[in-house]
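In what follows, a structure is listed as structure tokens, so that the remarks can point back to it.
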Protein chains: 2
Amino acid sequence: MAKKGKMNYFTPDEVSKMSIEDLAKQQVIYGIEDKPPLGESILLGIQHYLTMFGATFIIPILTASAVGFDGVDTARLISLMFFVSGLTTILQTTWGNKLPIVQGGTFSFLPPMFVITGTVIANGGTSNLAMQQLTGAIIAASFFEIIIGFTGLIGEIRRVLGPITIAPTIALIGLALYAIGFDWLMQDWRIGIVTLLAMIIYSQFLRAKNRVFLLFPVLLAIITGYAFAWILTLSNVVVEGDAGYVSTQILKNSPWIAVPKPFMWGAPKFTTSFIIGMLAGYAASMIESVGDYMAAARLSGAPTPTKKVISRGIGMEGVGCLVAGIFGTGNGTTSYSENIGAIGLTKVGSRYVIQIAAIVMMILGVFGKFGGFFAGMPTAVVGAMYCALFGMIAAVGMSNLQFVDLNSSRNLFIIGFAFFMGLSVPFWANTVSVDPTLPLWQKTLEDILLTLAKTGMAVAAICAGTLDNLVPGTREERGLIAWHDVMEG
Amino acid sequence: MAKKGKMNYFTPDEVSKMSIEDLAKQQVIYGIEDKPPLGESILLGIQHYLTMFGATFIIPILTASAVGFDGVDTARLISLMFFVSGLTTILQTTWGNKLPIVQGGTFSFLPPMFVITGTVIANGGTSNLAMQQLTGAIIAASFFEIIIGFTGLIGEIRRVLGPITIAPTIALIGLALYAIGFDWLMQDWRIGIVTLLAMIIYSQFLRAKNRVFLLFPVLLAIITGYAFAWILTLSNVVVEGDAGYVSTQILKNSPWIAVPKPFMWGAPKFTTSFIIGMLAGYAASMIESVGDYMAAARLSGAPTPTKKVISRGIGMEGVGCLVAGIFGTGNGTTSYSENIGAIGLTKVGSRYVIQIAAIVMMILGVFGKFGGFFAGMPTAVVGAMYCALFGMIAAVGMSNLQFVDLNSSRNLFIIGFAFFMGLSVPFWANTVSVDPTLPLWQKTLEDILLTLAKTGMAVAAICAGTLDNLVPGTREERGLIAWHDVMEG
């Protein structure tokens with residue numbers, strides 16, 4: 001039977017006295033307020049950096065290709081992204097929600113990004129003009145999130161959120177990314193399978209045997225996969241052009257130092273429909289973030305985020321997006337699900353470690369060579385990492401179902417409907433497009449709806465949140481009593 | 001907190017004495033051994049017929065288009081499918097596993113079907129030759145399932161199946177079909193949304209108010225959606241060529257009576273690689289069926305299927321596939337997840353009702369006009385039904401997680417990994433194809449692996465089953481103790 005209750009966590013002193021067997025059994029090794037020794041913290045911080053590397057790297061790559069950037073500007077955009085992620089992580093962990101959450105670029109901004117840049121380029125605009133329009137939309141719309149956050153409006157949402165809503169919403173953050181898991185791993189199946197097996201063996205079989213596997217399964221698996229790819233490259237088993245080829249070209253071309261400066265691509269331009277279109281990205285990002293706060297708090301042994309914590313967190317994410325806009329990353333910042341997955345795998349939920357990770361990100365964002373070094377990491381390694389991490393997020397979401405009566409057909413209907421629609425609606429949404437000849441208001445409205453429909457966790461949140469609050473059911477059946485007891489009590 | 005324990009069920013007498021409010025609260029209204037009054041049973045049986053109509057209709061449509069059949073042969077194939085479904089349902093419920101499960105065509109045979117028919121047609125074969133090769137493969141491979149079943153080999157599998165394996169396996173049966181839910185509903189969004197809203201309102205809001213909504217939410221929602229489509233057609237809001245158009249042409253062209261006869265498309269032809277390729281479809285179908293038996297037993301208040309019940313059920317499914325092959329449906333028979341979803345929605349798990357449904361299927365399979373009548377049902381109505389039913393299957397799968405320790409990171413890793421891979425691997429598998437110039441043994445092997453990789457529930461079962469049995473974990477943590485207590489105790 002599932003055990004109920006708050007997770008335990010331990011001080012560094014207690015941890016050092018525990019046996020490996022005891023450690024492996026614990027829910028959390030370092031809790032939110034713990035400060036592991038500096039050396040260990042730096043290694044753990046680098047692991048978080050590596051965990052977020054894949055998504056943080058792919059977002060500027062996608063943005064750069066959408067606006068048609070050359071190699072030099074692409075590299076600059078990548079470095080920018082890491083620098084801003086570090087900066088906004090410091091803001092969030094110090095003055096925001098103070099949870100152990102890494103801030104980074106968000107996939108939910110990609111659909112409006114593609115719409116905005118696509119429109120500018122199709123009308124004969126330059127790459128820089130596309131970035132200026134994109135930046136303008138991000139900056140203007142960031143005030144929406146800042147206001148919703150700091151006024152406490154977002155906190156009101158929490159009153160209608162129970163485990164039946166939270167479970168599919170968090171789960172869909174991971175499940176909805178099924179297209180970039182195994183498909184990326186199979187870009188080079190040898191490297192992908194080696195990385196995935198390493199991840200499974202380190203995190204599931206060796207963690208009770210040796211402390212290094214308990215703490216660094218993700219980092220070690222990435223190193224294993226990357227080293228294997230390097231061996232294949234050096235021994236000419238894979239050659240240039242192959243997906244598994246480790247290129248040193250990006251490393252050579254990267255500058256040693258590249259200090260970011262504001263409005264790098266020119267002064268931002270503001271267009272109403274672009275700004276409103278971008279709001280859908282913000283809305284999805286906010287819904288996702290509230291789910292992330294819950295997951296991060298659960299995994300790090302912190303109490304369930306209060307209305308105040310959520311408000312401050314969302315407000316600060318808005319500030320982060322404003323900062324990202326000013327520096328011109330072409331994306332916003334949001335809480336990073338990958339790193340929450342890493343907390344689940346490593347059981348290290350220390351805020352201090354995240355802050356160390358943020359400093360690593362800022363430093364490595366300025367020293368261009370480091371970005372260039374990791375930019376050579378084959379996609380297969382990233383894909384293998386995603387198969388484990390996104391699955392972990394899905395399971396963390398489902399773990400909220402332990403509070404719910406799973407023999408109630410009311411609950412089963414709502415939960416299943418939300419999960420299915422969270423996958424089925426985006427599948428449909430990705431096959432349609434908005435008629436560009438529609439009147440502006442209607443096109444804008446349809447753009448917004450379509451952007452939401454493409455976002456699985458938003459669909460799941462809307463389906464489950466609406467039905468759980470409307471369909472008759474007792475508070476006990478819905479799991480609200482057990483959930484609030486455990487999460488807050 | 002989630003209630004644990006076997007579901008209650010009631011005799012018809014008890015049911016008739018209960019208030020609507022009490023009924024709505026019960027887990028099962030009619031249990032597996034109950035016989036509702038004949039009139040009610042016929043209506044409930046027709047509801048099951050309608051529930052399985054969508055998939056039973058689409059499989060022969062897909063097969064007919066793959067081999068290039070004309071309208072007349074397509075109609076024959078549809079009628080055949082219904083007749084054989086009814087016949088094999090009688091076999092299964094009377095001499096097989098005796099669970100309230102409708103037998104029907106299986107999506108898991110579609111990938112090998114496309115491979116076989118595609119190869120024959122590409123080599124200049126006729127439609128009938130393609131059907132003969134397909135039929136030969138189905139007949140030959142059916143002995144694999146018959147042997148695995150009746151020798152009890154399949155029962156051995158159950159020993160290594162715990163709730164951590166069953167949960168993602170059943171859930172993926174529903175979730176993996178995300179492509180044919182909302183996308184079909186949106187073929188005509190007005191009709192789709194009306195049908196979906198009807199389904200939600202009838203099954204979730206009105207069931208406690210009126211008995212007819214308690215028992216027939218699916219049937220009533222289909223009638224509502226179909227009637228609405230008919231109104232739109234009669235009032236010329238939708239016209240011929242629109243997706244929501246209700247065509248009476250199929251009805252006019254269908255014969256009154258069409259008695260099926262064996263080997264309708266000619267004597268079967270046997271080709272080794274086709275037979276082995278078809279085995280992958282059988283393997284996936286068997287794994288799915290074991291999950292279905294568990295789900296059906298849970299929903300109908302029957303004890304967990306024993307080794308003997310599973311063996312007899314799988315053996316009889318093999319016999320059903322042999323029968324389907326002899327009659328030439330171009331597909332096999334398997335347990336029908338849609339109808340298990342319907343049991344969850346209606347809470348009617350009576351075997352007698354399923355047998356009535358089987359007789360309805362056989363009669364309507366012979367009277368061609370009935371098939372023609374329902375063949376006119378717009379896709380949007382079917383899609384809306386799927387959004388509710390496939391979600392229900394997903395949730396029934398997840399409900400097995402109530403026995404598992406959801407705070408164990410071992411369990412979360414395995415569960416999440418299985419769910420994610422169950423979606424991510426098929427996504428990849430659908431983008432690749434086997435090199436036809438490979439040596440036959442290698443091509444056949446890759447065909448088999450690819451067919452399995454395309455089947456989400458097979459991937460989930462393999463991932464979860466392997467890891468749950470290999471990664472260290474206590475029997476209590478894995479939920480084996482609680483699960484066996486509740487499911488068998």
Side-chain angles (χ1 to χ4, degrees), chain A residues 1-5 7 27 171 174-175 178-179 181-183 185-186 200 203-205 208 344-345 347 387-388 390-396 398-399 401-407 409-421 423-425 427-428 431-432 467 470-472 476 479 482, chain B residues 1-5 7 27 171 174-175 178-179 181-183 186 200 203-205 208 344-345 347 387-388 390-396 398-399 401-407 409-421 423-425 427-428 431-432 467 470-472 476 479 481-482:
Chain A
M1 215 204 92
K3 284 172 211 147
K4 310 269 191 302
M7 293 173 177
Q27 304 304 333
L175 288 184
Y178 61 83
F182 197 69
D183 190 56
L185 181 154
M186 289 299 284
I200 292 172
S203 75
Q204 301 302 313
F205 292 93
L345 280 177
K347 305 180 180 180
C387 286
F390 291 150
M392 197 72 194
I393 297 166
V396 166
M398 287 181 216
S399 75
L401 295 177
Q402 69 188 284
F403 306 114
V404 172
D405 180 354
L406 288 177
N407 292 319
S409 80
R410 167 207 185 272
N411 290 350
L412 293 184
F413 179 83
I414 297 171
I415 293 163
F417 184 68
F419 266 93
F420 187 79
M421 295 298 267
L423 292 169
S424 194
V425 173
F427 175 85
W428 163 80
T431 65
V432 296
L467 288 176
L470 288 183
V471 175
E476 197 201 353
Chain B
M1 217 199 95
K3 283 171 211 147
K4 311 269 189 300
M7 293 172 176
Q27 303 304 333
L175 287 185
Y178 61 82
F182 197 69
D183 191 55
M186 289 300 283
I200 293 172
S203 75
Q204 301 302 314
F205 291 94
L345 279 177
K347 304 178 180 181
C387 286
F390 291 149
M392 196 73 195
I393 297 165
V396 167
M398 288 181 217
S399 75
L401 296 178
Q402 69 188 283
F403 306 114
V404 172
D405 180 354
L406 288 177
N407 292 319
S409 80
R410 167 206 185 272
N411 290 349
L412 292 185
F413 179 84
I414 298 170
I415 294 163
F417 184 69
F419 266 93
F420 187 79
M421 296 297 268
L423 292 168
S424 194
V425 173
F427 176 83
W428 162 81
T431 65
V432 297
L467 289 176
L470 288 182
V471 175
E476 196 202 354
I481 295 169

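Numbers restart at 1 for each chain; the letters A, B, ... are given by sequence-line order, proteins then strands. What you see is a predicted model; the values in this text were computed from it and never measured.
Between Tyr178(B) and Tyr178(A), the gap from one ring centroid to the other is short of 6.0 Å.
When side chains are defined from C-beta on, Phe417(A) counts as touching Ile200(B), because their heavy atoms get closer than 4.5 Å.
Interface residue Phe427(B): only side-chain heavy atoms are found under 4.5 Å from chain A. At a 4.5 Å heavy-atom cutoff, the contact between Leu470(B) and chain A is made by backbone and side-chain atoms alike. Both the backbone and the side chain of Met398(B) come within less than 4.5 Å of a heavy atom in chain A.
The greatest number of non-hydrogen atom pairs below 4.5 Å with chain B, out of Ala394(A), Gly181(A), Ala418(A), is found for Gly181(A).
Atom CG of Leu423(A) and atom CG of Leu423(B) lie 5.5 Å apart (nearest 0.5 Å). For the atom pair CD1 of Ile415(B) and OG of Ser399(A), the computed distance is 9.0 Å after rounding to the nearest 0.5 Å. To the nearest 0.5 Å, atom CZ of residue Phe390(A) and atom CE of residue Met421(B) are 13.0 Å apart. The line from CZ of Phe403(A) to CG of Leu406(B) is 9.0 Å long, rounded to the nearest 0.5 Å.
Closest approach of Met392(B) to Ser409(A), counting heavy atoms only: CE-O, 4.1 Å. Between Phe413(B) and Ala388(A), the shortest heavy-atom distance links the atoms CE1-CB, 3.8 Å. Phe420(B) and Gly391(A) get closest at one heavy-atom pair: CB-CA, 3.8 Å.
Phe182(A) and Trp428(B) have perpendicular rings, their planes meeting at more than 60° on a 0 to 90° scale where under 30° would count as parallel.
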